[in-house]
Each structure stands twice: as C-alpha cells, then as structure tokens.
2 protein chains.
Amino acid sequence: MKTHSELGNPVHIAMSLIGGRWKGEILFQLMDHGMLRFAEMQRLIPGISQKMLTRQLRALEHDGLVRRLVYPQVPPKVEYSLTDTGRTLQPVLTALRDWGKDHGAPRVGKILSAENPLSGETPNPE
Amino acid sequence: MKTHSELGNPVHIAMSLIGGRWKGEILFQLMDHGMLRFAEMQRLIPGISQKMLTRQLRALEHDGLVRRLVYPQVPPKVEYSLTDTGRTLQPVLTALRDWGKDHGAPRVGKILSAENPLSGETPNPE
DNA sequence: CCGTATCCGAGCCGATACTG
DNA sequence: CAGTATCGGCTCGGATACGG
C-alpha cells in the first residue's frame with residue numbers, strides 16, 4: 001500500500017511518460033526521420049550523452065512509445081522508430097512545442113519586463 | 001561557454017515550465033475555478049503537501065503563469081489565479097490530459113500484453 | 001557501434017514539525 | 001490560514017572510463 005502517489009491524474013501520467021530533458025526532442029526526431037540509429041540520434045540531438053540517450057530510449061521503449069530493432073551484427077546496429085502509440089503523441093508534442101515557441105522562450109531565464117510587474121499586490125479587501 | 005544545456009528547444013522549455021508532478025493539476029484547478037485560495041487548492045488536489053503546493057505555485061508565479069494576490073489581513077488570505085499567459089496553456093494541457101486518458105493510463109505501471117510482445121527483435125539484415 | 005559502470009552534484013518530492 | 005524549515009530518498013543529468 002502506497003501512502004500517496006495515487007497516480008490517477010492523466011496529465012501527470014502523460015508527463016511521466018514524455019517529460020524530462022530529452023524525451024520530447026527524441027520523439028520529435030523519430031517523427032521527422034521515421035527510423036534512426038543510435039549514433040544518428042546523438043548527432044541530431046546536440047548535447048545529449050550516451051547515458052541519457054540510452055536511458056531515455058529504454059524508458060520510452062518500456063512505455064511502449066518507441067520500438068527497438070537490434071541487428072545481430074558486428075559491429076552492432078540498432079534502429080529506433082515510433083510505435084503506433086508513439087505516433088499518437090504528435091499533436092501533443094506539437095502543441096507543447098508551439099506553446100514553447102510563443103510564450104515560453106521569451107520568459108525563460110529572463111523575467112518579464114512590462115507585462116506583470118507586480119507580484120504580491122495588496123488590494124483593499126472590502 | 002556552456003558545454004551543454006543549449007536550451008533552445010521549445011518542447012523542453014514548455015516542459016520546464018509546466019512539467020513535474022503537480023503543475024498540470026494546479027493549472028487545471030485554476031482553469032476550472034478561476035480563483036482559488038491556498039487551502040482550497042490543497043483540498044482539490046489530494047496528496048499534495050504544503051511544501052510542494054507552495055513551491056510549485058511560486059515557480060508558476062515566477063514564470064508568469066499564475067498571479068498571486070495577497071490580502072494583508074489576519075488571518076492571512078491569498079488568492080491564486082491564472083495570468084493571461086497561463087490561460088494560453090489550456091489547449092496544451094487538455095491535449096496532455098486527453099492523451100493520458102486514452103493511451104497513458106492502460107500502460108502505466110502495467111506493461112503491454114499483446115500489442116508489442118517482442119523487444120529487441122532480430123531480423124534478417126540483407 | 002552501441003552501449004554499461006561509476007562518480008558526482010542538483011533538484012524533485014514526500015513526511016513531519018514549526019511559525020506569524 | 002498560509003506558509004517555512006528540515007530531513008531523507010530518489011531520479012535527473014553531466015563527465016568520464018570501460019566493454020562486447
């Protein structure tokens with residue numbers, strides 16, 4: 001019995017599946033290219049390390065969003081692609097990205113300038 | 001020179017603003033009720049602690065998504081509401097929630113059964 | 001080429017107790 | 001009522017090194 005974490009909330013469920021630093025970017029690349037090898041993704045996603053790419057890929061695979069195809073060769077060859085379920089994320093991720101472009105970017109790291117200058121205002125309560 | 005954290009990715013930007021365990025739920029409650037006091041939100045969001053509610057609310061306020069209205073009374077009274085920017089998140093969060101309801105719920109915690117039984121398949125490469 | 005293993009700091013998150 | 005303080009566990013994420 002868990003004292004908490006009821007996890008009945010769809011928003012949080014989606015978040016736990018596609019949230020984090022890299023998952024969104026990974027999914028986008030797979031949407032664009034359809035099929036990618038490990039090294040290709042690393043080239044397409046600057047800044048990501050092998051560890052994180054592997055970990056996130058494994059998580060996505062575990063959650064049934066990404067398919068992993070291993071070719072038993074030497075040198076090894078692994079191809080990643082979206083599952084059917086993974087593809088259903090496209091509108092969601094697009095919505096996320098569009099919002100980020102419109103509203104997130106200007107205010108990330110640099111605070112607002114002249115839109116909401118007051119914080120913790122003190123009105124006259126009746 | 002930053003060796004990493006390019007942060008030019010809109011998906012990640014949006015994630016950093018609305019991601020996490022509670023922010024989505026908080027924003028949904030504010031969308032529904034328009035204006036909420038601290039204790040009300042705690043009642044509406046089962047499982048959340050004062051600490052997390054405070055912290056997430058502060059973060060949302062810092063990012064310009066939530067407005068905080070303090071009445072200098074005793075006992076204290078604080079009202080939270082969405083800013084104009086915060087309201088623009090509605091379609092995004094709705095998309096997230098809808099996806100979570102459709103695809104996330106059945107496979108969270110319990111793995112797939114007969115949709116993608118193979119993981120790490122071994123095709124005949126050429 | 002495609003990973004694992006290890007170390008490390010930072011932040012998230014929950015539980016509990018305390019305060020103006 | 002609306003927080004803050006403190007603790008501890010866990011995960012995230014980066015750096016580096018090693019392995020099949």
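Both backbone and side-chain heavy atoms feed into the values below; hydrogens, waters and symmetry mates do not. Chain letters run A, B, ... following the sequence lines, proteins first and then strands; every chain starts at 1.
The interatomic distance linking His12(B) (NE2) with dC12(D) (P) rounds to 13 Å, in whole Å. The separation between Gln50(B) atom CD and dT6(D) atom P is 17 Å, rounded to whole Å. The nearest whole Å value for the distance from the NE2 atom in His62(B) to the P atom in dG11(C) is 13 Å. The distance between atom CG of Leu17(B) and atom P of dG11(C), rounded to the nearest whole Å, is 16 Å. The CG-P distance, from Leu57(B) to dT4(D), rounds to 11 Å in whole Å. Between the CG atom of Leu36(A) and the P atom of dC1(C) there is a distance of 15 Å, rounded to whole Å. Distance Leu53(B) CG to dC1(D) P: 14 Å, rounded to the nearest Å. In this entry the distance linking CD1 of Ile26(A) with C1' of dC12(D) reads 13 Å, nearest Å.
Arg55(A) has a side-chain polar atom (N or O) that falls below the 4.0 Å cut-off from OP1 or OP2 of dC12(D). For the OP1/OP2 pair of dG3(C) and a distance below 4.0 Å, the side-chain nitrogens and oxygens of Tyr80(A) include at least one atom meeting the criterion. For Arg37(B), a side-chain nitrogen or oxygen approaches OP1 or OP2 of dA2(D) to under 4.0 Å. Using a 4.0 Å cut-off, some side-chain N or O of Arg58(A) falls inside it from OP1 or OP2 of dG3(C). For dG3(D), the OP1/OP2 oxygens have a side-chain nitrogen or oxygen of Arg68(B) closer than 4.0 Å. The shortest distance between the side-chain N/O atoms of Gln56(A) and the OP1/OP2 oxygens of dG13(D) is below 4.0 Å.
The shortest distance between side-chain heavy atoms of Ile18(B) and Met15(A) falls below 4.5 Å. With a 4.5 Å cut-off on side-chain heavy atoms, Arg68(B) and Arg58(B) count as touching. Counting heavy atoms from C-beta outward, Arg67(A) and Glu79(A) have side chains that stay 4.5 Å or more apart.
Expressed to the nearest 0.5 Å, how far CG of Asp84(B) lies from NE2 of His103(A) amounts to 8.0 Å. In this structure, CG in Leu44(A) is found 10.5 Å from CG in Leu53(A), a value given to the nearest 0.5 Å.
Counting only heavy atoms from C-beta on, Pro75(A) has its side chain closest to dC1(C) among dC2(C), dC1(C), dG3(D). Side-chain atoms of Arg21(A) lie closest to dG13(D) of the nucleotides dA2(D), dG13(D), dC2(C).
Position along DNA chain D of the nearest nucleotide to Thr54(B) versus Met52(A) favours Thr54(B) as the more 5'-ward residue.
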